[in-house]
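The structure appears below as structure tokens.
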Amino acid sequence: MFPPPAPRPDRHGATTVWPLALRMVLALWLVLLVFGARAEPAPLVLAESQPVTALWPALTLLSDPDRRYTAEELLSGGPAFGPMPATQGTLGVRPDAVWLRAPLAVAPGADRRWILDIDYAPINRIDVALATDGRIVQQAVLGNTQPFSQRPLLSRSHTMVLNLEPGARYELLLRVQAQGAMILPITLNTPTALMGRALREQMLQGVLTGLALCLLVYSLAQWVSLRDALFIQYALLISGSLLFSLQFFGVGAQYLWTDNLWMERHASGLAALMATCGSFLFIGQALAAGDPHHRLMRTMRWGAAGTALLAVAFALDAFDVKVLTAIVSILGLVPALMGIPGAVGRMRQGDPVGGTLLLAWLVYFIATATVIGVIRGWVPVNFWTLHSFQFGATLDMLLFMRVLGLHSKSLRTAAENARTERDAMHSLAHTDPLTGLPNRRGMSQALTAALSQCCHERMLAVYVLDLDGFKPVNDEHGHDVGDELLVAVARRLQGHVRATDLVARLGGDEFVVVAGALESAAQAQDLAQKLLNAFRAPFSLSAGQIHVGLTIGFALAPLDCNDAAGLLKLADAAMYAGKQGGKFRVQRNTERLAMP
């Protein structure tokens, strides 16, 4: 083998190897440039075997902050598109407009009609252009700033039909503008697949909206019935969450405020502020137990008032959605953060309201963190993340409903305790504490009520009874035995009258019996004699067998008198006359024995 010949110097003394290497590098660069210029991304092939196709993996991105590019300019050249961010389905909050581009193709034999679906209602404007061979064949404007009646398809989300010929190559261009988040769950669907997805979503929204409406109606009805502020505050909280969901998922524009662009622009912001205002009031009321002077209650009311002022300012367009989004992201957490110490304290005291509120706030924080992550472009978009706030709000509403239930239970308990205390006070005021019989006040009320029903066919008798020989029992055996005897006398009297008759103690050893529905004076006399005979037997007490007698005076209504005070006066006079006549006897008063 011979070594290669050494390079020969040219006439200037340089070797020929450097021009040769330079030419090779230039040739290689030109080859790469040509092939790179000719290389195009592979189109997204649509086939009926995949009736729902996510467009995100096929998209490229171009920022257009000045909104100066047109679809025609981009098709004919223009600046290069870059890759999409890694987070699926969301570009976060962007002040600029963006162009999205995707190459498309339809598999042979597949359906020609594919429906573009952007399932995020709050997107403001979407300019859609479909081109083939550099020529635009379809255009449309979507977004919530367009009147609903002018949409290509009158659906909850932003949709339009794309007519695609199998075997042809297409370019889909979208220019997206949004004051808030650019959440873009974009899919291409066969008509059948889109109909199924739309029905499932409408069913879900119907169930959740119906549940919220039921809770709202219940809370309003309870407020009207009880006038308890907690229920109207709960209604305000539910209304805000419900309005936000209706706008977020496009149901409001579809059914409630169709073509009302002011409402479409302001609904979500006003809903968020309404829910925040309700949270301030509801949490303050629940933890302060309705005490208007409680420090937390006063602070929460100031927070609610400030939120209401922000809502008025936003309704008057004093600031835009981007500013509102920043405000609500912070302000929305304030009521829960302020309420945590009070809820922890209530939970430590064994009050289930504290634990329920803490659980509700945990759900709220998770749901809010998820939706903020989607809005900021940190969390990918899927069914669960897109609906996270709605699911979290529904769980919150149910947990807050439990707070209302516990509040109602405490109100019932307090009412029952008050009624029990009132009954106890009434009993003390109308009952003899020793014997448990009605006292003079209780007897007077019962006698007045009974007199209203008496007549000549249904007479009423009032008996005044005084024990014979009671004072010697007290003197000999003491007051304890005397009290024991009085209790025994009360029981014996109750055992010898009818169930409808009343036995009362006026004081000392004086008792009263009121007997109604008597047919004659003889029947009244027989009842008095029965009571007298009952005292012929001794009483068995702790001090032994003790005998006491009984003297009875009575009067009849309406024969002798027709008012309570008069009857008692006549019966009392008859009893004293019986005492003077020899005791242990029955005496009726027919007014001639009335005492002055």
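Values below: every heavy atom of this structure, side chains too, minus hydrogens, waters and symmetry copies. Position 1 is the first residue of the sequence, and the numbers go up from there. Quick caveat: nothing in here was measured; it's all calculated off a predicted structure.
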Does any part of the side chain of Leu411, heavy atoms only, come nearer than 4.5 Å to the side chain of His407, both counted from C-beta?
yes
Could you verify whether a donor N or O on one side chain and an acceptor N or O on the other, from Thr435 and Arg505, lie under 3.5 Å apart?
no
Heavy atoms of Arg492 and His496 approach each other most closely as O-ND1, 2.9 Å
Provide the closest heavy-atom pair for Cys454 versus Asn562 in the form atom of the first, atom of the second, distance.
SG-OD1, 4.1 Å
Could you tell me whether Phe391 and Trp384 have their ring centroids closer than 6.0 angstrom?
yes
Is there side-chain contact between Asn382 and Thr385, with at least one heavy-atom pair below 4.5 Å?
yes
Distance, nearest 0.5 Å, that separates CG of Asp509 from CZ of Phe511:
7.5 Å
Just checking Phe389 against Phe244, ring centres under 6.0 Å apart?
yes
In sequence, state the C-alpha distance, the side-chain angles, and the governing distance for Phe535 and Asp468, and then conclude on side chain to side chain contact (heavy atoms under 4.5 Å, CB included).
CA-CA 10 Å; Phe535 279 72; Asp468 299 332; over 6 Å; no
Is it the case that the side chain of Ser245 and the backbone of Leu242 share a donor-acceptor pair, with hydrogens and angles ignored and the cut-off at 3.5 Å?
no
For Arg227, look at atom CZ and say whether over 12 heavy atoms of other residues, nucleotides or ligands are found less than 6.0 Å away.
yes
In short, Asn589 meets Ala574 closest at the heavy-atom pair CB-CB, 3.6 Å
Within a 6.0 Å radius of atom CZ on Arg491, are there more than 12 heavy atoms belonging to other residues, nucleotides or ligands?
yes
Atom CD of Gln445 with >12 non-hydrogen neighbours under 6.0 angstrom
yes
Does any N or O in the side chain of Asp563 come within less than 3.5 Å of the main-chain N or O of Gly566, such that one atom is a donor and the other an acceptor?
yes
Correct closest heavy-atom pair for Arg498 and Gly516 would be NH2-O, 2.5 Å
With no hydrogens and no angle check, is any side-chain donor or acceptor of Ser452 less than 3.5 Å from a backbone partner on Ala449?
yes
Regarding Gln254 and Gln205, do their side chains bring together a donor and an acceptor under 3.5 Å, going by distance alone?
no
Taking Leu216's backbone N and O only, do any of them form a donor-acceptor pair with Ser219's side chain (distance below 3.5 Å, no angle check)?
yes
Between Lys583 and Asp466, does any NZ, NE, NH1 or NH2 come within less than 4.0 Å of an OD or OE carboxylate oxygen?
no
Shortest non-hydrogen contact from Phe248 toward Pro122
O-CD, 3.5 Å
Rounded to the nearest 0.5 Å, how far does OG1 of Thr551 lie from CZ of Arg585?
8.5 Å
Return yes if some donor-acceptor pair links the side-chain N/O of Thr258 with the main-chain N/O of Ala253 below 3.5 Å, else return no.
yes
Please list all pairs meeting ring pair (Phe, Tyr, Trp, His ring centres under 6.0 Å) that have one or both residues in residues 465-493, counting only residues at least two apart or in different chains.
none
Any Arg588 side-chain heavy atom under 4.5 Å of Asp560 side chain:
yes
Min side-chain heavy-atom separation Tyr576-Asp572 under 4.5 Å
yes
What do the steps show when you test Tyr120 against Phe249 for ring pair (Phe, Tyr, Trp, His ring centres under 6.0 Å), and what is the final call?
CA-CA 7 Å; Tyr120 182 64; Phe249 291 98; 8.7 Å; no
Distance from Tyr463 atom OH to Leu531 atom CG, nearest 0.5 Å?
7.0 Å
Can a donor-acceptor pair be found, under 3.5 Å and without considering hydrogens, that links the side chain of Asn439 to the backbone of Ala429?
yes
Side-chain (Tyr234) to main-chain (Met397) donor-acceptor, under 3.5 angstrom:
yes
Side-chain H-bond candidate by donor/acceptor type, Thr420 with Asn417, under 3.5 Å:
no
Begin with the C-alpha distance, continue with both residues' side-chain angles, and end with the deciding distance and a verdict on side chain to side chain contact (heavy atoms under 4.5 Å, CB included) for Val224 and Phe231.
CA-CA 9 Å; Val224 170; Phe231 288 96; over 6 Å; no
Counting C-beta onward and ignoring hydrogens, is there a side-chain heavy-atom pair between Phe282 and Leu230 closer than 4.5 Å?
yes
Are Leu493 and Leu437 packed together at the side-chain level, in the sense that at least one heavy-atom pair is separated by less than 4.5 angstrom?
no
Do Gln523 and Ser520 come close enough that some side-chain heavy atom pair is under 4.5 Å?
yes
CG of Leu550 to CZ of Phe584, rounded to nearest 0.5 Å, is 7.0 Å
Take a 6.0 Å sphere around CD of Gln545 and say whether it holds more than 12 heavy atoms from other residues, nucleotides or ligands.
yes
When every non-hydrogen atom of Leu570 is compared with those of Ala555, the smallest separation belongs to CB-CB, 3.7 Å
Can you check whether Arg536 reaches Asn533 side chain to side chain, under 4.5 Å on heavy atoms?
yes
Is Gln285 reaching over with its side chain to a backbone N or O of Met297, donor-acceptor style, under 3.5 angstrom?
no
Measure the spacing between OG of Ser268 and CE of Met263 and express it to the nearest 0.5 Å.
9.5 Å
Could you give me the CA-CA distance, side-chain angles and deciding distance for Asp501 and Leu527, then say whether side chain to side chain contact (heavy atoms under 4.5 Å, CB included) is met?
CA-CA 11 Å; Asp501 298 337; Leu527 179 56; 4.1 Å; yes
Distance (rounded to the nearest 0.5 Å) between Thr276 OG1 and Leu331 CG:
5.5 Å
Side-chain donor or acceptor of Arg265 paired with backbone N/O of Val321 under 3.5 Å:
no
Using modelled atom types only, decide if a donor and an acceptor are shared between the side chain of Arg440 and the backbone of Gly507 within a distance under 3.5 Å.
no
Would you sort out whether Leu357 and Phe400 count as a side chain to side chain contact (heavy atoms under 4.5 Å, CB included), showing the intermediate values?
CA-CA 7 Å; Leu357 287 175; Phe400 286 153; 3.5 Å; yes
